[in-house]
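Protein chains get the first letters and strands the later ones, always in sequence-line order, with residue 1 at the start of each.
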Number of protein chains: 2
Amino acid sequence: MAEALNGLKRTCMCGEVFEDKVGSKVTVMGWVQRRRDLGGLIFVDLRDRTGIVQVVFGDEINKEAFEKAHSIRSEYVLAVTGEVVLRESPNLNMPTGKVEIKVEALKILSESETPPIYIKENLDASEAIRLKYRYLDLRRPDLQRNLMLRHKAAKVVRDFFDENGFLEIETPYLTKSTPEGARDYLVPSRNFPGKFYALPQSPQIFKQLLMISGYDRYFQIVRCFRDEDLRANRQPEFTQIDIEMSFVDVDDVISINEKFIQRLFKEVKGIDVEIPFIRMPYKEAMERYGSDKPDIRFGMELKDLTDIVKNSEFKVFKDTVASGGHVRAINAEGCADFGRKEIDRLTDFVKTYGAKGLAWIALKDGEIKSQIAKFLKEEELNAIIEKTEAKDGDLILIVADKPKVVFASLGALRLELARKLGLIGPDNKEYKFLWVTEFPLLEYDEEEGRYVAVHHPFTSPMDEDIELLETEPGKVRAKAYDIVLNGEEIGGGSIRIHDTKLQERMFKALGFTMEDAWERFGFLLEAFKFGPPPHGGIAYGFDRLIMFLAGTENIKDVIAFPKNQNAACPLSNAPNVVDKKQLDELGIQIIENEK
Amino acid sequence: MAEALNGLKRTCMCGEVFEDKVGSKVTVMGWVQRRRDLGGLIFVDLRDRTGIVQVVFGDEINKEAFEKAHSIRSEYVLAVTGEVVLRESPNLNMPTGKVEIKVEALKILSESETPPIYIKENLDASEAIRLKYRYLDLRRPDLQRNLMLRHKAAKVVRDFFDENGFLEIETPYLTKSTPEGARDYLVPSRNFPGKFYALPQSPQIFKQLLMISGYDRYFQIVRCFRDEDLRANRQPEFTQIDIEMSFVDVDDVISINEKFIQRLFKEVKGIDVEIPFIRMPYKEAMERYGSDKPDIRFGMELKDLTDIVKNSEFKVFKDTVASGGHVRAINAEGCADFGRKEIDRLTDFVKTYGAKGLAWIALKDGEIKSQIAKFLKEEELNAIIEKTEAKDGDLILIVADKPKVVFASLGALRLELARKLGLIGPDNKEYKFLWVTEFPLLEYDEEEGRYVAVHHPFTSPMDEDIELLETEPGKVRAKAYDIVLNGEEIGGGSIRIHDTKLQERMFKALGFTMEDAWERFGFLLEAFKFGPPPHGGIAYGFDRLIMFLAGTENIKDVIAFPKNQNAACPLSNAPNVVDKKQLDELGIQIIENEK
C-alpha cells in the first residue's frame, strides 16, 4: 500500500455525483459502505460525509481495477476514477441513485479490519461499545448530520451576533473556585502547590467585568464545566452561548434574542418562527401549567378549585385549604374511560412528586363517577365541572396539597397525559417558544435557614419590588427571564444589579455579611466601584438547542466525543492514573484507601 | 441613583456622532474620560468602545442637567440627550471633533471612585497593578482595539473555513494525560478517586480521529493548555486555530492556508498579501539564515567559509573543520566602524548561543583590519571577502564551531544586527511570509539516547526517504511545514502517517516497543485499523497571529484576562485554596511541607 496520494486529486464528493455529471470523468474518495459481486461486475457503495455513490468495476470496464476490486472489504478507503453514466436500474432511495461511476482506476488508500459496529443510521448497538469505538460511531450518517448541523448553528450564532455589534471575547478556563453553585472541577497548581484553579461553571463574572470594561456587547460560544452526578442529558463539559449587553433593560435583551432565535431556526431548519414570543410571568406559568417551563403546545391547563372546595365536607380538601394548601385540577379530555389500573398508575405517578393522592371525577354517559363524589355537594361538583370546562367523556384529576406539591405533581401529570394521548412526542414538529419572566428573586432554603438567590446574587430585583427586599424578601420579583421551547428551558438570564448599594441590600437579604460577600465575590464588587454600566444578559445551553434542531433526545448525539454516565471516556480511557512525579510537582498525593 | 434605565434608549454610539447628525437629537451613553469647567459651561468627553464625543452642559442649555453635571467625575457612567451642533473650535485630532452635544437631559447611571490607573492609550503603569485592575486596563482604547480586532479575525477564520467546506467541531477539554510532550494540567476525578483527566495541549489526536470518522475537513478555534514555566509571550492557556483535512498531500494544505492568510490580512488589515509564498526546505533555511524560522525581510545571509579555511593555518578554523565543524560568516554591511567595545558585545552575544568566539574582518578605507588576518593567507582572505560579497565599509563576522552552534549563533547575530541597524523593528510594516518545509523527521536526543520525533510520532516521512527510516533515521525528511512570518513561526503542521505498517516502523525508529506505543497512543492506533484516510493539517497560534495583526509584542495585549508570569491571575486571585471537603471527594490531599 503506497503511503501518498501521488498527486491524485478528488474532483467531487460522493454525494454530489448527479445526472449533470453524466459523460464526464470524476475522481471520488471515500469508504466502502458495501460490496456486491454480480456476475462479472462488482458494485461498491462509496460513502463520504455528503452521501453515497455507486461505483462499478468490471472486466470490460478496466481489468486491472476489476481484479483489485476483489480484495475490497467494508470500510476500506478508496480513490476511484471513472466516467459517470446513467444506471440501468436507478435507485430512487438514493439522491445519487440515477447514476453510477464506471471505474477506470482504483487506488486502495487504506484497508480496514471488520468494524465492531455497523456503520448505519439509528444503530442500536450498546452505548458502551459505541463510545469505545466512537470514531466508527461518528461515521454514521445521522451523527454526521447532527455535527454538520451543529457547525452550521454555531456559524449562524456568530454571524447574527457579529452583525448586531457583539464581540466574541474569550474568557479564561483556569479560573477561581467559587463556593456558591455546583461542584467545581479543580486543577492543581504547580507554581503554588496546595492551591487550585477551577474550571468555569460559566463565564458569568468575566462577562460582567467585560461590561464594566466597556465592551458593550459580548457573546461567546464557550465550554462550561460542572462536576455533578450525571443525569440523562447532562455532560460534565457542556457548551453555552453566553451573551451580555450594556445599557439595556429586559425588553432589549428579549427583543434581540427573539430575532436571534428566528434567524437560527430559519437558517438551520428553514422554519419560520413568529416573534415576539408570548411573555408569561412566573406566577401565571405556575398557576396555568404547574411549571416554570410550560409546554404550551397543548392546553390541559391547571384550574384552581381551592375556593370551590374550601368549605367542603370532604376533609382532605377542607384541611388542605385550612392549612394554606391548594386544590387544583386538570381536565383530561376524553379520558373518562381510564380504568382503575390506569388511574392507580397516575396516582403513583403524582406520588413521586410528593402528592399524597389523586382524586378523580369521570363524566361518562351523562353520569358522574368519582371516588370522592359522595363527599361533595352537588353545587360543588357542578362548580368543579364548570371550572374545569369538563364535558361528557372527560376525566378531572385533582390534587390537594401544599402549593409546591400541587404545581409539581399536576404539572408533571399534565405532560405525562399529553405524551400518553400523543399531544406531544417525537412526531410533533411544532416549536412553541415563550418567555417566562418575573421569577422570584429569592426563595427560602429550609436546609440553610436563609433566603438563597433563585438565579444568582447579582440578579436585579424589579424596580417596583425593591422596597420589599427587607420586609418581604420572598415576594420580590427579579428582572430574570427564561426562554422556554416545548416545555424545556433553553436559555435564561437577567438584568444585573449595577448599584453597589442595592447589591449590599441583596447580600443582606441573602444573610451574607459584607465580609462573606467580599470573600466570595470580592473582585467583582471591587470592580463595581468604578462605574459599572446597567447591564444584563442571557445564556443558552447550546447542546440542548442543537438537540432540538437535530430532533434527538440524547445529548450524546450532538457532541463529538461525549463522556459516559460516570464522566469517563471509554475511547481514550480518561480519567487515568498519572505518574507520582507529576503529583509531587503539584504538591498533592492520592489518599490511600484503608481497607 | 435610580437602578433602571426607565425606558431611556441609546440612539447611537459616542464614536458615531459626526456632522451628518447636526441638528438632530441623540442619546449617547458612556464613561467620563474628562470634565472641564469653562466659565458657565462644563465640557465632558464621553467614551464608549467606538470612541469619544464631547458633550456640553450649560445653564442656558439646560439648567437642571448643568447643575447635576457639577457632581460628575472621571469614569462616571452617563446617559445624555441633546442636540448635535457644530463646535466653535473643532478638534481635528478626534474623529467626532467637529461636533458636540448640547445636553438637555443627563442621567448619572453610575458613579466611580477615582480609578487606580489612568484610562489612556499606552499606559505605562506596572503590569501587576494593571492585571489586578484588569477591568479598568481593558477600558484603554488600545486594548479595546486589540480585542475588537481579535473578534474580527476569529470571524474571518470561521467565515473562510466554513466557505471552504470545513466543519468546526468541538473536542473535549477533559481528556487523557499523555506522557509525551510538555507538562499537562491535571484535573482530579471524583468518580474515580486517584485518577486524573488532563487538559489538552492540542486536539491533535481528536482531529485525527475526526478524519478517520469521515468528517473530511475540520477546524476549530480552541483553547490549549501547557503547564510550563512561562517565558515572555507564553500563557498557560492559549488559543489555537486547529485544522485537519482528508485526502490531501502537502500542496493541498499549503494552498488553502495561503488563501486563508491572504483573506485574513486583507479583511483585518486591508493588506494585500501576495501568494503563493516562498517555500524553503529546512536545510536551505538553516544554511542561508541560521534559522528554521528565517526573517526574510532583509538579507545578511550566512556564507559558508568551511571549504575556504579548512586548510588554513589558523588553528581554530582548521581544527573545527577537521572535527566536523563549520566555519560560516555574515557580512554586516557598513559596520566596519564598530569599535572594540561593540565587537566585544557581539562576541558576548554569540557566546550565549554556545559559540566560543567571534572572528571579524573589517574592510575600512581600502584596508583590512582583523584580529585573525595575520593567520590567514592572502588568497584565503580574498576568498572570504569574495564569498561574503563584502565591500569597503563592511564588517565580516565569523563563527567556527559545531554546525548547530554556528547556525544558532550566526542566526541570532543576524537578527541582533538587523535590529541594531533598523532593518527590522516596530516601524517596519512589511509582512514577509514563507513556508519552511522538509523538516527532519527525527533528531537524536543525547539525553534520552534515542531518536525523538521533531514534530510528533504521527508525522509522515517524505515518500522518497521512507527507505532510510531504519538505515539513516537522521536523514529522513518529514512531510512537515511551518508557516513563518517576519522571523516568527505562526503555524505548523504535517501530513500524518495513515498506514499502520509505516507507523510501526516509525515507532521502532523512535525506540518504542509496540507495547510502549500502545500504552501511549493505543486508541489512535486501534482507530487506524479501520480505514484511516490520508490526512494532514496545521495549527496556528492564534494569540501570536493577533499580536502581528495588532502590532503588539506583548501577548497580554491580545488576551482579555491573561495570567502573570507565575500563571496566576492577580484579578481573581486564582489559583486559590479550596475546602478540604472538596479534596476528600477527589481522593487527594495536599503534601505538607516538612520544615
Residue, of A527(B), P562(B), A198(B), that accumulates the most heavy atom pairs under 4.5 Å with chain A: A527(B)
Whether R49(A) side chain and Y215(B) backbone form a donor-acceptor pair below 3.5 Å: yes
Pair D229(B) + R190(A), salt bridge at N-O below 4.0 Å: yes
Nearest heavy-atom neighbours spanning H151(B) and F219(A): CE1-CE2, 4.0 Å
Most contacts with chain A, counted as non-hydrogen pairs under 4.5 angstrom, among V32(B), V577(B), I212(B): I212(B)
Step-by-step side chain to side chain contact (heavy atoms under 4.5 Å, CB included) determination, I591(A) to L586(B): CA-CA 9 Å; I591(A) 302 172; L586(B) 299 170; over 6 Å; no
Whether Y173(A) and Y173(B) hold their rings parallel, tilted or perpendicular, with breakpoints at 30° and 60°: tilted
Salt bridge (charged side-chain N to carboxylate O under 4.0 Å, His left out) involving D137(B) - partner list, sequence neighbours excluded: R130(B), R134(B), R140(B)
Structural part of S246(A) lying under 4.5 Å from a heavy atom of chain B: backbone
Atom group of L167(A) that falls short of 4.5 Å from chain B, counting heavy atoms: both
Contact class of R183(B) relative to chain A, heavy atoms under 4.5 angstrom: side chain
Choice from L174(B), L210(B), L583(B), D251(B) maximising heavy atom contacts with chain A below 4.5 Å: L174(B)
Check ion pair R10(B)-D216(A) (N to O, under 4.0 angstrom): yes
Considering all heavy atoms, the nearest F192(A)-P575(B) contact: CD1-CG, 3.7 Å
Nearest non-hydrogen partners of G214(B) and W31(A), listed with the distance: CA-CH2, 3.5 Å
Residues Y133(B), E526(A); criterion side chain to side chain contact (heavy atoms under 4.5 Å, CB included); working and verdict: CA-CA 9 Å; Y133(B) 295 98; E526(A) 177 79 12; 3.7 Å; yes
K9(B) and D249(A) ion-paired at < 4.0 Å: no
Cationic N near anionic O, under 4.0 Å, K529(B) to E111(A): no
Contact winner vs chain A - L143(B), T50(B), T239(B), heavy-atom pairs under 4.5 Å: T239(B)
Region of F542(A) that comes under 4.5 Å of a non-hydrogen atom in chain B: side chain
Ion pair E168(B)/R150(A), N-O distance below 4.0 Å: no
Part of Q220(A) within contact of chain B (heavy atom distance under 4.5 Å): side chain
Heavy-atom pair count under 4.5 Å with chain B, highest-scoring of K176(A), E237(A), E585(A): E237(A)
Salt-bridge contact R158(B)-D159(A) (side-chain N to carboxylate O under 4.0 Å): no
Top contributor to chain A interface from D162(B), I169(B), L147(B), D48(B) [non-hydrogen pairs under 4.5 Å]: D162(B)
Region of F225(B) that comes under 4.5 Å of a non-hydrogen atom in chain A: side chain
Part of Q235(A) within contact of chain B (heavy atom distance under 4.5 Å): neither
Heavy-atom pair count under 4.5 Å with chain A, highest-scoring of G531(B), P533(B), G587(B): G531(B)
Side-chain heavy atoms of L209(A) within contact of L571(B), under 4.5 Å: yes
Qualifying residue, where the test is side chain to side chain contact (heavy atoms under 4.5 Å, CB included) with F247(B) and the options are L8(A), V77(A), V28(A): V77(A)
Separation between CG of N573(A) and OG1 of T175(B), rounded to the nearest 0.5 Å: 12.5 Å
